[in-house]
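Below is one structure, written out as structure tokens, with a few remarks after it.
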There are 2 protein chains.
Amino acid sequence: MKRVSIKDVAKEAGVSVATVSYVINNTPNQSISDETSLRIRKAVTKLNYIPNLNARSLASRKTNLIGVVIPQTEPGKEFMFSNPFYGDLLSSIEYTARQHSYHLLLSGPEPNQSYINIARNRSVDGIIIVGAYPTKGLDELRQLDIPVVLVDTYVKDPVYHTVGIDDRLGGKMATAYLIEKGHSKIAFVSGQIEEQGVMQKRFQGYRDALEDAGIPFHQDFVYLGNISFEYAQATADEMLRRGRIETAAFASADILGMGLIKGLRRQGFHVPEDLSIVGFDDVSLAQMADPSLTTVRQDISAKGKTAVQFILDAVSGNIEKQEKILPIHIVERESVKNL
Amino acid sequence: MKRVSIKDVAKEAGVSVATVSYVINNTPNQSISDETSLRIRKAVTKLNYIPNLNARSLASRKTNLIGVVIPQTEPGKEFMFSNPFYGDLLSSIEYTARQHSYHLLLSGPEPNQSYINIARNRSVDGIIIVGAYPTKGLDELRQLDIPVVLVDTYVKDPVYHTVGIDDRLGGKMATAYLIEKGHSKIAFVSGQIEEQGVMQKRFQGYRDALEDAGIPFHQDFVYLGNISFEYAQATADEMLRRGRIETAAFASADILGMGLIKGLRRQGFHVPEDLSIVGFDDVSLAQMADPSLTTVRQDISAKGKTAVQFILDAVSGNIEKQEKILPIHIVERESVKNL
DNA sequence: TGATTTTACTGAAACGGTTAAGTGATTTGA
DNA sequence: TCAAATCACTTAACCGTTTCAGTAAAATCA
């Protein structure tokens, strides 16, 4: 089954391939008579011609593809969205990209953390990396001259665009909110804290709030595992075993808050009566929880949209580096009670 | 900033481009001396050469890309994973693909339902479509000779590979389980029921079970909206307003079950005391629900893996059509009580 | 009316690889 | 010892587009 190419169309319409190319792309500043144009279009439909995107990309050095790499939250696990934040974010990215007739080239992390594989020589027009930590993987990318936007990454760099939130402030807001409600024994539960990662910032915010309020920091109140429902459940068990010292917890991701709720309930305890919880992100799940989760809301949809927009801007020639810190705020729901 | 191409490497190493190509691909049945090979590799690292994937794809007619199209559950909404089933499935697909060094080209539905856009002339090696209904979109695809696997799609076709489950059986199992527990006033809640879609099958199963048990079917017991948490919550309200006639509900997707639980609780009612619920899919959320959701479990991970495997098989020359019906079973959790 | 611009094309050189078909030199086999 | 096979490469055609630089004819201008 021979594939039909632009040549076949040209032959069918009795014109040169260049002309065909001009009409199917309706290239500006090219004058083609209506008559010829029509003839070519007819030939296209008749032969059912579909342009080869690889050839097109090769010639035009434009792929209409945005690479998106999302880290695994639990290394080695196949489940990419164990933190639902990533699912929500990806949705938004995909939606925005599609509006601009871009597609997404999706990838989990390459085994060697080498983002470059996905961005290989003009295989994508731009690349969005979410939640990377400063690694050599990022440096490699620099060699390409393709636009990169780093989402939720704290890396000082003169070139990469960034979009994120003030995670430290967020952590502080969450914790301060709890303090305001009368709590002083406040757990911090999170995944591993990577240097310069968002979780580290949120942790700093937690400590900031404590310090501001003159509450001593207790290392025992910090629970570090990974960002998953299961870990949070286990953490609840652990807190119970230790005798329920804390009256509140700041869960650095909503999914952790949900795990806490469930873990507690499993043992007959209740949120917020036995433990007040504030989460982070306001993923769509947060309102589904029972009790629904009081959380630090960030506009995930805007985050995705902005990231795509930065790529688009860069592709269309905007040379300057863009940075965006999106606003956050507490949304009060049911998981916190006054002490 | 000039891009380095295979020619530069060839020049640097003092060999022809063909030789370079052979070395970097280590093409079988080509003998290259260790010496030359080493020299070329050195040149590659020195110049930091990265092959252009578009050129490679063009020449080799292989892209190492699998197109994945996921329908919007709520048209016009940007949120692709409002049914978390898709997120779970995508995770699995991505993971499996990556194991075989494939990447994913992700797309929501094109406005015109034309899947062909994503699959354009050899732009992907294969395409996985999940939850399509028989449309002209599918027919268009046929013109390309690229492998297609349809996930959760009931379409009789001599060419497309399919992977799915027996949704009708699943619906029957869920309903029969409820009947077995003593229920006879059983609601069916679902999204719109598309002709030949999975929800229709599950609905048929629901009716099958009713019929087998000699329980009359009540149209009032069926609630059709869309597959979203919000809709299920609204449905709970509606059931309450009608005076709680049903004692149980078969939610044709877990997210609906979760919405029901929450909706009920919001009004002071409880699951399973006031309503028994069985869900469908066993998405990772199902066990996070409170009470955790009794549901018809399907192996979402296997589904994704199988879909990718079918593409891989087809790409590597396996000509015959493959079909897989994965097993399902009830997993008993907390959302159903004996009447 | 002749010079100039515009219109409607065409030719061919990229784009950056892959791969079938050579081609000499060196090994091997009998 | 010599033909045949193997080794280590190279040549060049090809993949299917885009796009720059023409070019002849038609239209416009002074």
Side-chain angles (χ1 to χ4, degrees), chain A residues 1-41 43-44 47-65 120-125 144-146, chain B residues 1-41 43-44 47-64 120-125 144 146:
Chain A
M1 193 198 281
K2 181 65 171 56
R3 194 133 255 133
V4 6
S5 83
I6 198 172
K7 279 185 199 131
D8 303 310
V9 177
K11 194 173 299 172
E12 172 77 21
V15 294
S16 72
V17 297
T19 310
V20 175
S21 176
Y22 290 139
V23 345
I24 63 179
N25 294 311
N26 42 53
T27 312
N29 306 326
Q30 283 291 335
S31 41
I32 309 286
S33 71
D34 292 352
E35 191 183 10
T36 307
S37 179
L38 189 65
R39 197 149 30 90
I40 290 174
R41 284 178 207 291
V44 166
L47 300 182
N48 207 279
Y49 165 70
I50 299 161
N52 179 314
L53 292 190
N54 287 120
R56 176 176 282 180
S57 298
L58 180 58
S60 66
R61 39 240 326 129
K62 180 123 176 16
T63 63
N64 265 68
L65 235 44
R120 290 215 191 131
N121 228 329
R122 306 254 41 129
S123 167
V124 296
D125 289 344
L144 273 38
D145 57 353
I146 115 178
Chain B
M1 192 199 278
K2 182 64 172 55
R3 193 131 256 136
V4 7
S5 83
I6 199 171
K7 280 187 197 125
D8 304 309
V9 177
K11 194 173 299 173
E12 172 77 21
V15 294
S16 71
V17 297
T19 310
V20 176
S21 175
Y22 291 140
V23 168
I24 62 178
N25 294 312
N26 41 54
T27 312
N29 307 325
Q30 283 292 335
S31 42
I32 309 286
S33 71
D34 292 353
E35 192 183 9
T36 308
S37 178
L38 189 65
R39 196 149 30 89
I40 290 173
R41 284 178 206 292
V44 166
L47 301 182
N48 208 280
Y49 166 68
I50 298 162
N52 179 315
L53 292 191
N54 287 120
R56 176 175 281 180
S57 298
L58 180 58
S60 66
R61 34 224 352 118
K62 179 123 176 16
T63 63
N64 265 67
R120 290 214 190 130
N121 230 330
R122 306 256 41 129
S123 167
V124 297
D125 290 345
L144 271 42
I146 116 177

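From a predicted model like this one, the values you see are computed outputs, not experimental measurements. Note on naming: letters A, B, ... go to the chains in the order of the sequence lines (proteins, then strands), and numbering restarts at 1 for each one.
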Point to revise | Terminal helix-axis angle for the helix from dT1(C)-dA30(D) to dA30(C)-dT1(D), with five pairs defining each axis and rounding to 10 degrees | key: 30°
Check your understanding: Is there a donor and acceptor pair, one atom on the side chain of Tyr22(A) and one on the base of dC20(D), closer than 3.5 Å?
Key -> yes
In Å and rounded to the nearest 0.5 Å, what is the [atom1] to [atom2] distance from [X] to [Y]?
{"X": "Asp125(A)", "Y": "Ser57(A)", "atom1": "CG", "atom2": "OG", "value": "7.5 Å"}
{"X": "Asn64(A)", "Y": "Leu53(A)", "atom1": "CG", "atom2": "CG", "value": "8.5 Å"}
{"X": "Tyr49(B)", "Y": "Arg41(B)", "atom1": "OH", "atom2": "CZ", "value": "13.0 Å"}

Closest approach to the side chain of [X], judged atom by atom: which nucleotide of [options] is it?
{"X": "Ser31(B)", "options": "dA8(D), dG17(C), dC9(D)", "answer": "dA8(D)"}
{"X": "Ser33(A)", "options": "dA8(C), dC15(D), dC9(D)", "answer": "dA8(C)"}
{"X": "Ala18(A)", "options": "dT18(C), dA12(C), dT11(D)", "answer": "dA12(C)"}

Please report the distance, rounded to the nearest Å, between [atom1] in [X] and [atom2] in [N].
{"X": "Ile6(A)", "N": "dG16(D)", "atom1": "CD1", "atom2": "P", "result": "11 Å"}
{"X": "Asn26(A)", "N": "dT18(D)", "atom1": "CG", "atom2": "P", "result": "12 Å"}
{"X": "Asn29(A)", "N": "dC9(C)", "atom1": "CG", "atom2": "P", "result": "16 Å"}
{"X": "Arg61(A)", "N": "dT17(D)", "atom1": "CZ", "atom2": "C1'", "result": "12 Å"}
{"X": "Leu58(A)", "N": "dC14(D)", "atom1": "CG", "atom2": "C1'", "result": "13 Å"}
{"X": "Arg39(A)", "N": "dC9(C)", "atom1": "CZ", "atom2": "C1'", "result": "11 Å"}
{"X": "Gln30(B)", "N": "dT10(D)", "atom1": "CD", "atom2": "P", "result": "11 Å"}
{"X": "Asn64(A)", "N": "dT17(D)", "atom1": "CG", "atom2": "P", "result": "16 Å"}

Review point. Should Leu38(B) and Asp34(B) count as side-chain neighbours, where that means a heavy-atom distance under 4.5 Å?
Key: no
Review point. With a 4.5 Å heavy-atom cut-off, do Ser21(A) and Ile6(A) have their side chains touching?
Key: yes
Review point. With Ile32(A), which of Thr19(A), Val20(A), Val15(A) fulfils side-chain contact (heavy atoms from CB on, under 4.5 Å)?
Key: Thr19(A)
Check your understanding: Can you tell me if the side-chain N/O atoms of Thr36(B) get under 4.0 Å from OP1 or OP2 in dA8(D)?
Key -> no
Review point. If you find the nucleotide of DNA chain C closest to Ser16(A) and the one closest to Thr27(B), which residue's nucleotide is nearer the 5' end?
Key: Ser16(A)
Check your understanding: Between Asn25(A) and Ile32(B), which has a closest nucleotide on DNA chain D that is more 5'?
Key -> Ile32(B)
Review point. Start at the 5' end of DNA chain D and walk down; is the nucleotide closest to Gly14(B) or to Ala55(B) reached first?
Key: Gly14(B)
Exercise for review: Could you check Arg56(A) against Asn25(A) for side chain to side chain donor-acceptor pair (under 3.5 Å), going step by step and ending with a plain yes or no?
Suggested key: CA-CA 11 Å; Arg56(A) 176 176 282 180; Asn25(A) 294 311; 3.3 Å; yes
